[in-house]
Amino acid sequence: LRKELAFYTPPNKYVVAKTCSKGNGVTEGWRRRLCEWMYDVVDHFGFDREAVSIAFDFLDRSVSMTHLPDTSKALTKREYQLSAVTSLYLALKIHGEMDPEVGGRMRLKISAFEELSRGFFKASVIEAKELQILGLFQWRVNPPTCARFVSHFLRLLPKWGDSEEMDATCALTHDDMVGKIYDTAKYLTELSLFVSRFAFRYSTSMISCGAVLCAIEALHAEAPLPERILAQFLSNIVNVSPTFDPHSRDLQRVIRMLRKLAPTMFTTEDIAPHNNEPLRRTVSVADMDASSSKSPTANTVAVMFGSTARTLSPSDSSSMGEGAASSKMDGRPTKRRKLCQ
C-alpha cells in the first residue's frame, strides 16, 4: 500500500484531453479495443491474465506522463498502438508467468510482437519505445496488481472449523471458500480494465477491495458467510487501512460500478456461477457494457474465437470499421513455438 501511494497512484485521464482525443486521436473506445487485444494475446499464448493489468498500468501511466498536462504534440492512434504493443511486451518480459495449468516460464521474442503488429512496428521501434517508458518510470515496473491485492485481502478472512459452524446451506471449507471468492473477484477486476474510469479515478487496492466484497455478495446464495466471520473479516480489512471502510463513499462507488460490469451475477435468479460451470475467462466489451447496442460499435468490440484463429493484431484497428478485425493468426502449437523462446 505504501508503494502504491508513493509510485503507482491513478494516472491522469488522458482520453478526454485535447491533445489525445481531438481529430483522429484516442478515445475510450480505442482504449477498450486494445484491452481486448491484450487479453486475446495472453490467452492465445497461455500467459497469466495478470500480465494485462500490468501492461495497462504501463500504458496508462506512460501516456499520461507524456501527453498531460497539455502538450504541443497530439497523441495519434499509431503512437497509442505502439505504446500498447510495447507495454504488453515489457509486461510479459518482466512478469510473463505462464498459466499454472501450463507451467514453466516462456518469453516472447520481440520479433513476435513485430509479427503480431503485422510488421506495423519494427523491433527497433519497439525497443526505442521500451527504453523511453523505462526512463519515464525510472525503472519502477512492478506495480501492485488487483490479483495480488485480492490474494492479500483474502489472507484476512478468518478460518473456521467444522462445517456446522457455517450456514446450513453451505458446507464449504475455508480453502474452498477463499478459492471461489478469489476467482470471482479476479474476474471482476479483469472486466474493470475495460473501463477507464476505474484506472483514472481509483487505486488498484480500492478496486480489489470492492471486488472482494462484490464476490462475497455474488456467492451469497451458494456459499453465505456467517455473520461472525464476515464481521471479523471486514474489521480486519479496516484495521489494515481506514480507506477500506465498507461504508466509505469511494468504496461504495467502486462496488456499484463493479456490479454493473456483470449484472447477472447479482440477480436473484442466478446470483452466482453454477458449481460446475467455471467463470468465462474471455470477455468482450459487450459482456460488461449493459448499455451497448446490438450492433458492434467502438465500444462493443467484435471478437473472433475460432479454434485455429484469433484476432491478435492491434494494427487492424487502423483500417477496420466498427465490426470485427479482418486479421487472423494461426494458433497451432508450431506457430507458438516459432514466436517464443
Side-chain angles (χ1 to χ4, degrees), residues 1-14 48-66 68-69 83 87-88 90-97 130 132-159 178 181-193 195-216 230-258:
L1 287 171
R2 286 193 296 268
K3 182 175 289 188
E4 178 187 55
L5 184 61
F7 306 116
Y8 300 103
T9 55
N12 294 317
K13 188 174 184 178
Y14 56 80
D48 193 301
R49 283 188 147 213
E50 188 178 4
V52 177
S53 64
I54 297 173
F56 253 85
D57 175 90
F58 294 167
L59 175 62
D60 289 337
R61 278 199 293 145
S62 62
V63 172
S64 176
M65 293 172 73
T66 53
L68 293 175
S83 296
S87 295
L88 184 59
L90 186 58
L92 292 176
K93 182 178 180 180
I94 301 172
H95 302 281
E97 296 291 346
E130 177 189 14
Q132 180 191 17
I133 291 176
L134 291 171
L136 286 172
F137 296 166
Q138 297 181 347
W139 295 79
R140 293 189 176 94
V141 288
N142 296 282
T145 64
C146 284
R148 302 295 174 89
F149 271 121
V150 168
S151 178
H152 286 311
F153 278 130
L154 290 176
R155 293 175 64 184
L156 303 175
L157 182 67
K159 293 186 177 181
V178 166
I181 296 174
Y182 178 84
D183 284 344
T184 307
K186 189 170 184 288
Y187 176 73
L188 290 171
T189 61
E190 289 172 3
L191 288 175
S192 72
L193 282 182
V195 184
S196 66
R197 186 181 176 188
F198 282 100
F200 297 137
R201 186 168 183 176
Y202 300 105
S203 65
T204 303
S205 57
M206 180 67 71
I207 298 170
S208 305
C209 184
V212 169
L213 298 183
C214 282
I216 292 175
L230 180 58
Q232 185 60 54
F233 180 51
L234 297 178
S235 176
N236 292 343
I237 291 178
V238 174
N239 286 338
V240 171
S241 173
T243 307
F244 305 127
D245 186 333
H247 302 292
S248 70
R249 180 179 300 178
D250 282 344
L251 187 54
Q252 284 297 313
R253 285 176 177 171
V254 169
I255 290 173
R256 286 195 295 270
M257 289 168 61
L258 288 170

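In this chain, residues are counted from 1 in sequence order. Since the structure is predicted, the reported quantities are computational estimates derived from the model, not experimental observations.
Looking only at side-chain heavy atoms (C-beta outward), I54 and I94 stay at 4.5 Å or farther from each other. Taking the side chain as every heavy atom from C-beta outward, T184 and I216 never approach each other to under 4.5 Å. Put simply, the side chain of F198 does not reach to within 4.5 Å of the side chain of L193, judged on heavy atoms. For the pair Y14 and D60, the minimum side-chain heavy-atom distance is below 4.5 Å. At a threshold of 4.5 Å between non-hydrogen side-chain atoms, the residues S53 and C146 do not count as touching. Residues R197 and M257 meet the side-chain proximity criterion, which asks for heavy atoms closer than 4.5 Å. For the pair S196/K13, a side-chain contact is recorded, criterion being any heavy-atom separation below 4.5 Å from C-beta on. Taking 4.5 Å as the limit, some side-chain heavy atom of E50 sits within range of a side-chain heavy atom of T145.
Looking at N142 and Y8, their side chains never bring a donor and an acceptor atom within 3.5 Å of each other.
Taking a 6.0 Å sphere around CZ of R148, one finds it holds 12 or fewer heavy atoms contributed by other residues, nucleotides or ligands.
Between the CG atom of L1 and the CE atom of M206 there is a distance of 10.0 Å, given to the nearest 0.5 Å. Atom CD of residue Q232 and atom NZ of residue K159 lie 14.5 Å apart, to the nearest 0.5 angstrom. Going from atom OG of S62 over to atom CD1 of I133 covers 4.5 Å, rounded to the nearest 0.5 Å. With rounding to the nearest 0.5 Å, the separation of CZ in R61 from OG1 in T9 is 8.5 Å. Note that CG of L213 and CD of Q252 are 8.5 Å apart. Values are rounded to the nearest 0.5 Å. Atom CG of L157 sits about 5.5 Å away from atom CZ of F233, to the nearest 0.5 Å.
Remark: F56 engages no residue in a ring-ring contact (aromatic ring centres under 6.0 Å, His included) (not counting sequence neighbours). By the salt bridge (charged side-chain N to carboxylate O under 4.0 Å, His left out) test, R256 pairs with no residue at all, sequence neighbours left out.
Within the 3.5 Å criterion, the main-chain N or O of T204 finds a donor-acceptor partner in the side chain of S208. Side chain of S87 to backbone of S83: a donor-acceptor contact under 3.5 angstrom is found. A donor-acceptor pair under 3.5 Å links the side-chain atoms of H95 to the main chain of V141, judged by distance alone. Judged by distance alone, the side chain of E4 and the main-chain N or O of S205 form a donor-acceptor pair under 3.5 Å. Not a single donor-acceptor pair under 3.5 Å links the side chain of S235 to the backbone N or O of A231. Proximity of a side-chain donor or acceptor of S64 to a complementary backbone N or O of N12 within less than 3.5 Å is detected.
With ring centers used as reference points, F244 lies under 6.0 Å from F153. No close placement of the F137 and F7 rings is indicated, their centers lying 6.0 Å or farther apart.
Salt bridge status for E130 with K93: present, with a side-chain N to carboxylate O gap under 4.0 Å.
Residue V150 comes nearest to A185 through the heavy atom pair CG1-CB, 4.0 Å, listed as atom of the first residue, atom of the second, then distance. Closest heavy-atom contact between A199 and P10: O-CB, 3.4 Å. Smallest separation of non-hydrogen atoms from L156 and N236: O-ND2, 2.9 Å. Here the closest heavy-atom approach between residue A91 and residue A51 is recorded as CB-O, 3.7 Å. The two residues M65 and L136 have their closest heavy-atom pair at CE-O, 3.1 Å.
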| said: I'd like to know whether L251 forms a side-chain contact (heavy atoms from CB on, under 4.5 Å) with D245, so could you lay out the CA-CA distance, the side-chain angles of the two residues, the decisive distance to 0.1 Å, and finally the verdict. | reply: CA-CA 7 Å; L251 187 54; D245 186 333; over 6 Å; no

| request: Apply side-chain contact (heavy atoms from CB on, under 4.5 Å) to the pair R201 and R253, showing each step before the final yes or no. | output: CA-CA 11 Å; R201 186 168 183 176; R253 285 176 177 171; 2.7 Å; yes

| said: I'd like to know whether L258 forms a side-chain contact (heavy atoms from CB on, under 4.5 Å) with T189, so could you lay out the CA-CA distance, the side-chain angles of the two residues, the decisive distance to 0.1 Å, and finally the verdict. | reply: CA-CA 8 Å; L258 288 170; T189 61; 5.8 Å; no

| Is there a side-chain contact (heavy atoms from CB on, under 4.5 Å) between F149 and C209 once you walk through the steps? | CA-CA 8 Å; F149 271 121; C209 184; over 6 Å; no

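Between S241 and the options T243, V238, I237, N239, a side-chain contact (heavy atoms from CB on, under 4.5 Å) holds for only T243.
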